[in-house]
Asker: 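Sharing a structure here in structure tokens format.
Residue numbers run from 1 in the order of the sequence given. All values below come from the heavy atoms of this structure, side chains included, with hydrogens, waters and symmetry mates left out.
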Amino acid sequence: LYLLNDSMAKSAFQSILKRLTVELDKFFYNDIIMQNQFNEGGVLQLDYDVNKYLIPILNEFSLDVRIDNYIRMLAHVASLLTDFFTYIVL
């Protein structure tokens, strides 16, 4: 992403970033979350990775909007699964 950001026009890069983020959202939701079963540790790791690394890294490159707006399914599902496991444990 750094290389693309430095070598492309900002508007073109932002367009690609938005498209990439939407496709990542679909991929994670359809091919990883919906195709697998997660235990509590896996859910907590998914939530941590999405919120601590994926979203902040992508937000670093986004100039006009927060990436959360384009990666809604993944962020929402990670949060719901975390809440579910937290509720079950309590």
Side-chain angles (χ1 to χ4, degrees):
L1 288 175
Y2 285 111
L3 181 62
L4 284 175
N5 190 27
D6 291 342
S7 62
M8 296 180 70
K10 296 301 177 198
S11 61
F13 178 76
Q14 290 301 304
S15 178
I16 289 171
L17 181 64
K18 289 176 189 175
R19 173 87 188 234
L20 172 69
T21 304
V22 168
E23 293 303 319
L24 274 174
D25 191 38
K26 289 179 191 175
F27 169 74
F28 274 104
Y29 181 76
N30 292 325
D31 295 339
I32 295 179
I33 293 173
M34 295 305 292
Q35 299 298 322
N36 294 288
Q37 295 180 357
F38 294 89
N39 62 19
E40 180 183 0
V43 167
L44 293 174
Q45 187 66 52
L46 175 68
D47 187 56
Y48 182 80
D49 291 344
V50 167
N51 291 303
K52 176 79 173 172
Y53 296 108
L54 182 63
I55 292 174
I57 288 170
L58 292 173
N59 273 331
E60 183 178 326
F61 292 99
S62 180
L63 298 176
D64 54 351
V65 296
R66 290 188 47 85
I67 289 299
D68 307 51
N69 294 332
Y70 298 104
I71 201 159
R72 288 184 185 160
M73 283 190 295
L74 177 58
H76 187 65
V77 168
S79 177
L80 281 174
L81 287 172
T82 301
D83 291 347
F84 174 76
F85 275 103
T86 302
Y87 177 76
I88 294 297
V89 171
L90 297 175

Asker: Name all residues meeting the side chain to side chain donor-acceptor pair (under 3.5 Å) criterion together with N30; count only those two or more places apart in sequence or in a different chain, and write none if there are none.
Answerer: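 So N30 forms no side chain to side chain donor-acceptor pair (under 3.5 Å) with any residue.
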
Asker: Please list all pairs meeting ring-ring contact (aromatic ring centres under 6.0 Å, His included) that have one or both residues in residues 37-59, counting only residues at least two apart or in different chains.
Answerer: Y48-Y53

Asker: Taking side chain to side chain contact (heavy atoms under 4.5 Å, CB included) as the definition, give me every residue that meets it alongside L3, ordered by chain and number, with sequence neighbours left out.
Answerer: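 With sequence neighbours excluded, L3 shows a side chain to side chain contact (heavy atoms under 4.5 Å, CB included) to no residue whatsoever.
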
Asker: Check whether any side-chain heavy atom of F28 lies under 4.5 Å from a side-chain heavy atom of I71, and answer yes or no.
Answerer: no

Asker: Between L46 and I32, is any pair of side-chain heavy atoms under 4.5 Å apart?
Answerer: no

Asker: Would a distance-only check, ignoring hydrogens and angles, find a side-chain to backbone donor-acceptor pair under 3.5 Å from S79 to A75?
Answerer: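 Pair absent, no side-chain N/O of S79 close to backbone of A75.
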
Asker: Tell me which pairs pass salt bridge (Lys or Arg N to Asp or Glu O under 4.0 Å) where either residue lies in residues 21-32, with sequence neighbours left out.
Answerer: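 Every pair satisfying salt bridge (Lys or Arg N to Asp or Glu O under 4.0 Å) with a residue in residues 21-32: R19-E23, E23-K26.
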
Asker: D68: which residues meet the side chain to side chain contact (heavy atoms under 4.5 Å, CB included) condition with it, sequence neighbours left out?
Answerer: I55, N59, R66

Asker: Closer than 3.5 angstrom, by distance alone: can the side chain of S15 be matched with the main-chain N or O of S11 as a donor-acceptor pair?
Answerer: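 Side chain of S15 to backbone of S11: no pair is present.
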
Asker: Look up atom OG1 in T82 and atom CG in D47, then write down how far apart they are to the nearest 0.5 Å.
Answerer: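 Going from OG1 on T82 over to CG on D47, the span is 3.5 Å.
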
Asker: Counting only N and O atoms by type, is there a donor-acceptor contact under 3.5 Å from the side chain of Q14 to the main-chain atoms of F61?
Answerer: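 Judged by distance alone, yes, a pair lies under 3.5 Å.
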
Asker: Could you pull out all residues at least two apart from K10 that satisfy side chain to side chain donor-acceptor pair (under 3.5 Å)?
Answerer: N5

Asker: By side chain to side chain contact (heavy atoms under 4.5 Å, CB included), which residues pair with Y29, not counting sequence neighbours?
Answerer: M34, M73, V77

Asker: Once salt bridge (Lys or Arg N to Asp or Glu O under 4.0 Å) is applied, do any residues pair with D49, and if so which ones, sequence neighbours excluded?
Answerer: none

Asker: Taking the side chain as every heavy atom from C-beta outward, state whether I67 and L17 have any atom pair closer than 4.5 Å.
Answerer: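 Yes, close enough: below the 4.5 Å cut-off.
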
Asker: Considering residues at least two apart in sequence or located in another chain, which fulfil the side chain to side chain contact (heavy atoms under 4.5 Å, CB included) criterion with L80?
Answerer: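 Testing L80 for side chain to side chain contact (heavy atoms under 4.5 Å, CB included), a comparison that skips the adjacent residues, returns H76.
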
Asker: For the CG atom of L20 and the CG atom of L58, what is their distance to the nearest 0.5 Å?
Answerer: 7.0 Å

Asker: Distance check, rounded to the nearest 0.5 Å: S62 atom OG versus F13 atom CZ?
Answerer: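 Result: 9.0 Å between the selected atoms.
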
Asker: Taking the hydrophobic residues Ile, Leu, Val, Met, Phe, Trp and Tyr, and joining any pair whose side-chain heavy atoms are under 4.5 Å apart, which ones share a cluster with V65?
Answerer: V22, Y70

Asker: Distance from L1 atom CG to I57 atom CD1, nearest 0.5 Å?
Answerer: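 Going from CG on L1 over to CD1 on I57, the span is 9.0 Å.
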
